[in-house]
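Positions are given from 1 along the sequence.
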Amino acid sequence: MTRRALVLGGGGVAGIAWETGILAGLAEAGADLLGADLIVGTSAGSTVAAQITSGLSLDELFRRQIDPTAQVPELAAVLDGDAVLALFGAAGEEASDPADFRRRIGALALEAPTVSEAERREVIAARLPSHTWPGRDLKIVAVDAHTGEERIFDKDSGVDLVDAVAASCAVPGTWPPVTIGESRYVDGGVRSAENADLAAGCDRVLVLQVMEIPGNTDLGDQVAALRANGARVEVVRPDEAALEAIGPNLLDPAVREPAAKAGYQQGLRAAPGMIALWD
């Protein structure tokens, strides 16, 4: 039996909009990917993953991105891409191994001034049509800020869905680490922006990659490993029009409408290839 995985990467509110748009465009053109056996969500992708498994239609989720009257309130923030890359680069140079790197980023996140956890949780809760885990195989990725260990949340983890998504979306230095039990968690993108390796064992894998980070080979290595084990894998990134719509600040709520519309048009064009992959 063919097992299919949909991997949704990080990318801020712009990434949520683009991923929602491209999935809606693909579905409109006959490539409905929501029947995936496994969905992996990281950061922005965790929001989209929770939304598309909530029972709400893609049409309505898309409308909530492009209709200003239907958009949920977001906290404004500025993501300085160069500063983030410099921060991660410095931590990477000093770290002795991947876990040490994640601990260093976690330590910085724990010390950074941010809004309160409660304020940020309200935003995440408003994004999700349902606060109950779906019966589907959904994996949401976060990282323990103290230990650097990854945590894969699912319906059997005993963790509230809103908290799991909030943890996965806790961009270091921008949003507060999320308290779950005795630990605090940061963005799953600290491990990998896509975490496509969690789709191991699937035969067909579609990865939506919002951000391409210069010098970062994580996704390439993960895709190569999946293919070496017999999987057919496709990676879809924003095209030129979508990149222009997304702009330089992935956390800017103002780009939701243009990013979603650009994603939708890209999805319409990409559908034939996705149908060939999925079927």
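- A donor and an acceptor atom, one from each side chain of W175 and E117, are nowhere located under 3.5 Å apart.
- One hydrophobic cluster, built from ILVMFWY side chains closer than 4.5 Å, holds both L277 and L6.
- A salt bridge links E74 to R127: one of the charged nitrogens lies within less than 4.0 Å of a carboxylate oxygen.
- A 4.5 Å side-chain heavy-atom check between L161 and L128 finds at least one atom pair inside the cut-off.
- Between Y185 and F153, the ring-plane angle classifies as perpendicular under the 30° and 60° cut-offs.
- When the side chains of ILVMFWY residues are joined at heavy-atom separations under 4.5 Å, either directly or via intervening members, I52 and V236 end up in a single hydrophobic cluster.
- Between D67 and R256, none of the side-chain N atoms (NZ, or NE/NH1/NH2) sits under 4.0 Å from a carboxylate O, so this pair counts as no salt bridge.
- Using a 4.0 Å cut-off between charged side-chain N and carboxylate O, R102 and D100 make no salt bridge.
- The residues D144 and R191 are annotated as not salt-bridged, no charged nitrogen and carboxylate oxygen being separated by less than 4.0 angstrom.
- With contacts defined as side-chain heavy-atom distances shorter than 4.5 Å, the pair R4/D203 does not qualify.
- Between E60 and R63 there is a salt bridge, since at least one side-chain N of the basic residue sits less than 4.0 Å from a carboxylate O of the acidic one.
- Y264 and L33 fall into different hydrophobic clusters, defined by Ile, Leu, Val, Met, Phe, Trp and Tyr side-chain heavy atoms under 4.5 Å apart, directly or through other members.
- T20 is listed as a side-chain neighbour of Q51, based on a closest heavy-atom distance under 4.5 Å.
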Next item on the list: Evaluate salt bridge (charged side-chain N to carboxylate O under 4.0 Å, His left out) for R136 paired with D154, printing each intermediate quantity in order.
Entry: CA-CA 9 Å; R136 308 271 302 279; D154 61 20; over 6 Å; no

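- Residues L34 and L268 do not share a hydrophobic cluster, clusters being chains of Ile/Leu/Val/Met/Phe/Trp/Tyr side chains in contact below 4.5 Å.
- Two residues are said to be in side-chain contact when any heavy atoms from C-beta on lie closer than 4.5 Å; K155 and P134 fail this criterion.
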